[in-house]
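For the numbers below, each heavy atom of this structure counts, side chains included, while hydrogens, waters and symmetry mates do not. In what follows, residues are counted from 1 in the order of the sequence shown.
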Amino acid sequence: MITFLVLNAGATAVAVLLALAAGAHRRTSRFLLATLSGYLVAVYSIVLLAGVAGHLTATGVTVVLAAAVAAAILWLWRSRSVEPISALRPEPQRFTAAGLVVVIAATASGCLWAWPHFVQATGLRVWDDYTYHMVYPGLWLREHAIAAPTPAQAFTMQAWYPLAASVVAAWFMAPFQEARADALAWVSLTAPLYGGLVAAGAAELLARVGCRPGTWALPVVLFATSHRVAIMAGSFSDADLAQAGALFGAFAFAIPRGSADAGRDVTADTWYAGVLSGFALGVKASAAPVALVILAMVALRAAWSDGRARAAARAALVVALTWAAMAGYWYGRNLIHTGNPVYPAAWLGWPGTTFPETTLLEYGRQYGLRRAVSDALVVYLNWPPLHAALAVIGLIGLAAWLVWQRRALTTPARYFGCGALAIATAVVLMLPTVPYSAGNAMTFRSGFVHWDSMRYVATLPIVGWVALGFLLDVGARRWRTPAAGLP
């Protein structure tokens, strides 16, 4: 247990040092988001480096962590714009009485949601947990290495999937290699990590677009009370929640901090957005549509801030480099050993499978468009339906608000609105062709969409809930402004 505490204290120190070097300390929500993002990237990178080097043991991980701490200290020391310790105070947050009650309720909901993951063992709720989510971290720790699977180890095609979420799970297992029960139990801490990314991302994003303190409470309550989120958070390694949380965190970093964006702030946010979206690509290739939207956002933001197109190219290069660093191993491994970076999927002439009888497009051809839409909505809106309806209202309302206020938009609000709608459009348009969007071949032939398929759009309800919180805050301010002038 001491090793576990020391490793996590060191990873937290790395994250805090990087957040300070990036100037994230000026606002509490920004500091929390940067720290959680830095922690995620640090533990993933440390385990991956130690595993690829063939030293995936507690000692090997500790050595790489020590190097990471030294590098973070050096980076902070070399940061020219670091403020003195006396200036490291976050901006004060002022709440109304009603706002304070909402914040307390949201905090309580979040704590109740996270509590089981701290005191109970990891859940094994879906078939994928038994076939690969749990299998390959255990295999890596037994072999003390992360490498391409041998023919004996590739007993399922998922062995060739990108497994970034499993690498994070291995971080919590590594200190307990001699105690299998403890190793499995502590993997449950991945859920609070990804849930924290969503909560901190919501708070920071809404602060950037000018919302009042506490506006983040509504999306956090909806997130914490969604039974579908609870199921995703209860599986081994929480891959679906990992992808959604990382993409949403990257989206928050892609929003400008204000109408005047300093170059250093843009650079720091670009790196954070890049590593988070790169991690999501390392979890699943289906993160690509949202990741591309985030790439476009950071490139446009850099060009707007600097006033030159060259800045957009630099930002795009930074994001591409972070994608290569975070996800490159998985696709490079597949390219070297199978000749196809996205194996087992056939793509652009590379060999592989087309995953027949798994997509909504095929489902519509088999059973008709009306039934396909009806069956899909039953599943994809089950967050439960009330939560899904609120997310849809948030996205539709955001589109209407963009049109209505198109001449009076602040730059952060414009980026948020257009980015959210671009993400929603990209996900919805791509969904019918995504493998397993209708389930597996058994459910396909049985004539129903698999009950777990909505996990492929997990980013959308989070964005919709945040949009709803934004709209309610805008409406409340517009209602209070004229009322303030009444006698």
Side-chain angles (χ1 to χ4, degrees), residues 22-24 26-31 33-34 90-96 99 200-219 248-270 272-273 293-308 311-312 315 393-425 462-485:
R26 299 185 188 92
R27 180 184 290 142
T28 302
S29 60
R30 186 180 305 158
F31 181 73
L33 179 59
E91 296 174 353
Q93 303 290 315
R94 296 180 176 86
F95 299 95
T96 63
E204 175 59 13
L205 190 157
L206 290 169
R208 293 189 179 203
V209 297
C211 292
R212 294 170 297 177
T215 307
W216 53 266
L218 175 63
F248 180 71
F251 178 54
F253 276 117
I255 306 296
R257 300 188 185 186
S259 298
D261 236 355
R264 180 175 178 271
D265 295 339
V266 174
T267 301
D269 286 350
T270 298
Y272 275 110
V293 172
I294 292 168
L295 169 62
M297 291 178 64
V298 297
L300 290 173
R301 178 186 174 189
W304 163 74
S305 175
D306 188 81
R308 294 178 296 178
I393 290 172
L395 291 171
I396 294 176
L398 184 62
W401 179 82
L402 281 174
V403 175
W404 181 37
Q405 294 290 324
R406 61 187 180 276
R407 297 182 179 178
L409 294 173
T410 63
T411 300
R414 181 178 292 108
Y415 271 73
F416 168 55
C418 294
L421 296 179
I423 288 173
T425 302
I462 298 173
V463 174
W465 296 332
V466 171
L468 181 63
F470 168 76
L471 292 173
L472 291 177
D473 181 75
V474 170
R477 281 183 292 165
R478 291 182 66 88
W479 178 76
R480 287 171 60 90
T481 300

Q: Given side-chain contact (heavy atoms from CB on, under 4.5 Å), test Asp265 with Arg26 step by step and report yes or no.
A: CA-CA 11 Å; Asp265 295 339; Arg26 299 185 188 92; 4.1 Å; yes
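- A search for side-chain contact (heavy atoms from CB on, under 4.5 Å) contacts involving Ala312 returns Ala299, Ala303, not counting sequence neighbours.
- Partners of Asp473 by side-chain hydrogen bond (donor to acceptor under 3.5 Å, both in side chains), not counting sequence neighbours, listed by chain and number: Arg212, Thr215, Arg477.
- Contact detail for Ala203 and Trp216: the closest heavy-atom pair is CA-CB, 3.6 Å.
- Taking each heavy atom of Leu471 and Gly397 in turn, the nearest pair found is CD1-C, 3.4 Å.
- Remark: Phe248 engages no residue in a ring-ring contact (aromatic ring centres under 6.0 Å, His included) (not counting sequence neighbours).
- A distance of 5.0 Å separates CG in Leu398 from CG in Leu421, rounded to the nearest 0.5 Å.
- Residues Ile294 and Phe253 have side chains not in contact (no heavy-atom distance under 4.5 Å, counting atoms from C-beta outward).
- The line from OG1 of Thr28 to CG of Leu33 is 12.5 Å long, rounded to the nearest 0.5 Å.
- Residues meeting the side-chain hydrogen bond (donor to acceptor under 3.5 Å, both in side chains) test with Ser29, sequence neighbours left out: Glu204.
- Listed by chain and number, the residues in a side-chain contact (heavy atoms from CB on, under 4.5 Å) with Ile255 are Leu205, Arg208, Val209, Phe251, Met297, Pro412, Tyr415, Phe416 (sequence neighbours excluded).
- Arg27 CZ to Arg257 CZ: the interatomic distance, rounded to the nearest 0.5 Å, is 8.5 Å.
- Evaluation of the side chain to side chain donor-acceptor pair (under 3.5 Å) test over residues 294-304, restricted to residues two or more places apart or in two chains, returns Asp261-Arg301, Asp269-Arg301.
- For the side-chain contact (heavy atoms from CB on, under 4.5 Å) test, residues two or more places apart in sequence or in another chain that qualify with Leu409 are Trp401, Leu402, Gln405, Arg414.
- With sequence neighbours excluded, the residues that form a side-chain contact (heavy atoms from CB on, under 4.5 Å) with Ala311 are Ala302, Asp306, Arg314.
- Shortest non-hydrogen contact noted between Ala254 and Val298 is CB-CG1, 3.8 Å.
- Shown here for Leu395 and Gly464, the closest heavy-atom pair between the two residues is CG-CA, 3.9 Å.
- Scanning both residues, Ala315 and Thr270, for their nearest heavy atoms gives O-CG2, 3.9 Å.
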